[in-house]
Structure formats: C-alpha cells, structure tokens
Undergrad: 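Structure incoming, see below.
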Amino acid sequence: MTGEPLVRAQGVTKNFGSVQALRGVDLEVFRGEVVCLIGPSGSGKSTLLRCVNHLEKVDSGRLTVDGELVGYRRARGKLYELREKEICRRRADIGMVFQNFNLFPHLTVLENLIEAPLRVRREPKAQVVDRARALLGRVGLADKADAHPAQLSGGQQQRVAIARALAMRPTLMLFDEPTSALDPELVGEVLDVMHGLAEEGMTMLVVTHEMGFARESADRVVFMADGAVVESGPPGELFGSPKHPRTRAFLSKVL
Ligand code: ADP
Ligand code: MG
C-alpha cells in the first residue's frame, strides 16, 4: 500500500450532547484495502462511518477522503464549509449500505439502481440502464429488475442495495452491519457478494459482527471501544493473538 490513504482519520472526535461518540479516532484505509471495523455496541462504529460519508460533522481532528477534508474546501489558504450541493457531489463517490437496506419502496429494482446515476450524475439513460442490468446480474438478481423491494427477501433486498451503491461507480464502499437484519440463512448470499467485491479490489470499510467474513476478506481488522481504536492488525494477528485485554474480552464473546 503506497500513497495517500483514501480515508484518513486523525484524532477525530464527535459528541452528541454529553455523549462522546468518538474520542480521538485514528484510522487509515488505503486504496484497494478491505478494513473491517468491529467492537461492542455504542463504541462509535456507525458514527465514524457517518462522518466519512458526510452524514455527521466531526467536532475536532482531521478527516480526509481522497485527500479532501470532509465537510470543507480550501480556497486562498482558508477553509470554507461545504454547501449542500458540494457535499452531494462528494458523497456521490461513496457508496453506503445500511443494516435496513433503505431501498425506495415505490420504485422497481431497476428504478432503484438508475435513479441516482440519472439524477446526480446526469448520465445517458441507455448507458445507465445497461450498467444497472449488468450489476443486477453480478449480484444474482438479473430476473428481479421489475420487482418491487417488498416482493424480495431481505437477502435479495440487501444485494439490490449493494448493486444500487455500485451503480454510482463509487471509489469507496461503506457497509454498516449489512447482514445484521437478515435471517441467518440469508446472510451468506450477501457476504458472498461482498467477498466478490473485495476480491475485485474495491476499497471497503465494513462494520460487521461476521467474524468469518472479517477473517476471510479483510486486509485489516480494527477493534473500537468507547469511541476510540483500541487495536488493529491483519485478521490472523488480531484474532489469533489480540494484545489488548479489551480486545480479548470482546473476541471471547463473539468468536
Ligand atoms: P456503534 O455503531 O458502535 O454501535 P454508534 O456510533 O451508533 O455506535 O454510537 C456511539 C455513541 O453515540 C452511542 O453512545 C450512541 O448512543 C451515541 N449516538 C449515536 N448517534 C447519536 C445521535 N444521533 N444522537 C445522540 N447520540 C448518538
Ligand atoms: Mg452501529
């Protein structure tokens, strides 16, 4: 891994009132890397992802995506807060997949995939539709293009959500517990799609409780607790010989 990391957090803090959700997070994700973020509930994993995707503002510290400070632009040596339009433009390069799919219920599967590329990127429709169909094939749902989300299983909906994120040709994919809302028998089909993406070299930051996925697909696993990174390393190391007692205590419960 060389060059500037695609995501770099340095001493990032975020408070919600008196709750310190992030207390100085340091994290780097390099291009082509798959980083799994693990840790107990309330440790700040979602907040960190939401900051990366401009859904929350950091209070202090430095957060950059692709070398650009999140939420700000620099002009004539000064920093200016981004306007909503500029935030949308930057967010368009980041795909995010949530626990609860968040598909547009009134649109068909194909319409879900083409909406943002048409509206945000203003790409030609034929090209967008072709790419959407190819993506549906890739997640094993070529025959569901005209279905509505409610007609699909949770696993199928989540695969559509992944395809929809990919339709924007993102440089970074964020996943926030993408399989946590699924029946156990549907988890595998979603993890398979994510594993395929990882193999193809997509840069991914994945919050997950699926330690098998982390072990197989992650280049690095980052353990967070109480709003900070406690320890990180290659999965073999972190799972095999965790150094910090907090990490050991957490892993003894989930492995
Ligand atoms: P995780 O994803 O690791 O479970 P979160 O990032 O969701 O953790 O939450 C970290 C802390 O911040 C928790 O104490 C949570 O209650 C708090 N928190 C997160 N979002 C908000 C919010 N919008 N308003 C108030 N508190 C929040
Ligand atoms: Mg969370």
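Starting from 1, each residue takes its place in the sequence as its number. Atoms within a ligand are numbered from 1 in the order they appear, just like the ligands themselves.
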Undergrad: Does the residue Gly39 have a heavy-atom contact with ligand 1, meaning some pair of atoms that are separated by less than 4.0 Å?
TA: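 Checking ligand 1 against Gly39, which is what was asked, there is no heavy-atom contact under 4.0 Å.
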Undergrad: Check ligand 1 against Ser43 and write out every atom of the ligand that is under 4.0 Å from a heavy-atom position of the residue.
TA: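 Going through ligand 1 atom by atom, the ones under 4.0 Å from Ser43 are 1 (P), 3 (O), 8 (O).
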Undergrad: Counting non-hydrogen protein atoms only, what is the nearest one to atom 15 (C) of ligand 1? Give residue, atom name and distance.
TA: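 Going atom by atom, the protein heavy atom closest to atom 15 (C) of ligand 1 ends up being Val19 CG1, 4.7 Å.
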Undergrad: Indicate if the distance from the Mg ion (ligand 2) to the nearest N, O or S atom of Gln99 falls below 2.8 Å.
TA: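 No, Gln99 does not qualify, because none of its backbone or side-chain N, O or S atoms lies under 2.8 Å.
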Undergrad: If I take atom OG1 from residue Thr108 and atom CD from residue Glu115, how far apart are they, to the nearest 0.5 angstrom?
TA: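 One finds 11.5 Å between OG1 of Thr108 and CD of Glu115.
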Undergrad: Where is the nearest protein heavy atom to atom 12 (O) of ligand 1: which residue, which atom, and how far?
TA: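 Among all protein heavy atoms, the one nearest atom 12 (O) of ligand 1 is Ala21 CB, 3.4 Å.
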Undergrad: How close does the nearest protein non-hydrogen atom get to atom 7 (O) of ligand 1, and which residue and atom is it?
TA: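 Nearest neighbour among protein heavy atoms for atom 7 (O) of ligand 1, to 0.1 Å: Ser46 CB, 3.7 Å.
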Undergrad: Does Glu237 use its side chain to pair, donor to acceptor, with the backbone of Pro234 at less than 3.5 Å?
TA: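 Checking the backbone N and O of Pro234 against the side chain of Glu237, no donor-acceptor pair under 3.5 Å is found.
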Undergrad: Among protein heavy atoms, which lies nearest atom 25 (C) of ligand 1, and at what distance?
TA: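 Checked against all protein heavy atoms, atom 25 (C) of ligand 1 sits closest to Phe16 CB, 3.4 Å.
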Undergrad: Exactly one of Arg74, Arg73, Arg90 should register a salt bridge (charged side-chain N to carboxylate O under 4.0 Å, His left out) with Glu68. Which one does?
TA: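 With Glu68 as partner, Arg74, Arg73, Arg90 yield a single salt bridge (charged side-chain N to carboxylate O under 4.0 Å, His left out), made by Arg90.
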Undergrad: So does Leu197 get a backbone contact from the side chain of Glu200, meaning a donor-acceptor N/O pair under 3.5 Å?
TA: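 No, because the side chain of Glu200 does not come within donor-acceptor range (under 3.5 Å) of the backbone of Leu197.
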Undergrad: Could you tell me if Lys14 sits above the aromatic ring of Phe16, with its cationic atom closer than 6.0 Å to the ring centre and no more than 45 degrees from the axis?
TA: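 Judged by the rule (NZ or CZ under 6.0 Å from the ring centre, within 45° of its axis), Lys14 counts as positioned above Phe16.
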Undergrad: Looking at Lys243, is its backbone amide N or carbonyl O close enough to the side chain of Arg248 to form a donor-acceptor pair, meaning the two atoms are under 3.5 Å apart?
TA: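 Indeed, once roles are kept as given, a pair shorter than 3.5 Å links the two residues.
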Undergrad: Is any NZ, NE, NH1 or NH2 atom of the basic residue among Arg121 and Asp93 found under 4.0 Å from an Asp or Glu carboxylate oxygen of the other?
TA: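 The answer is yes: the pair qualifies as a salt bridge.
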Undergrad: Among all the protein's non-hydrogen atoms, which is closest to atom 3 (O) of ligand 1, and how far away is it?
TA: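 Nearest protein contact, heavy atoms only, for atom 3 (O) of ligand 1 is Lys45 NZ, 2.7 Å.
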Undergrad: Is the shortest distance from a heavy atom of Pro40 to ligand 1 less than 4.0 Å?
TA: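 Under 4.0 Å: yes for Pro40.
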Undergrad: How close does the nearest protein non-hydrogen atom get to atom 8 (O) of ligand 1, and which residue and atom is it?
TA: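 Going by distance alone, atom 8 (O) of ligand 1 is nearest to Gly44 N, 3.2 Å.
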Undergrad: Just to confirm, does any protein heavy atom lie below 4.0 Å from atom 18 (N) of ligand 1?
TA: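 Looking at atom 18 (N) of ligand 1, one finds that a protein heavy atom does lie closer than 4.0 Å.
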Undergrad: Of the protein's non-hydrogen atoms, which lies at the shortest distance from atom 10 (C) of ligand 1, and what is that distance?
TA: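 Its nearest protein heavy-atom neighbour is Gly42 O, 3.5 Å.
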Undergrad: Parallel, tilted or perpendicular, judged at 30° and 60°: which one describes the rings of Phe223 and Phe250?
TA: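 Plane angle between 30° and 60°, so tilted.
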Undergrad: With a 3.5 Å distance limit and no angle check, can you tell me whether Lys45 reaches the backbone of Pro40 through a side-chain donor-acceptor pair?
TA: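 Looks like yes, one N/O pair under 3.5 Å.
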Undergrad: Considering non-hydrogen atoms of the protein only, which is the closest contact for atom 5 (P) of ligand 1, and what is the distance?
TA: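 Minimum-distance protein heavy atom for atom 5 (P) of ligand 1 reads Thr47 OG1, 3.7 Å.
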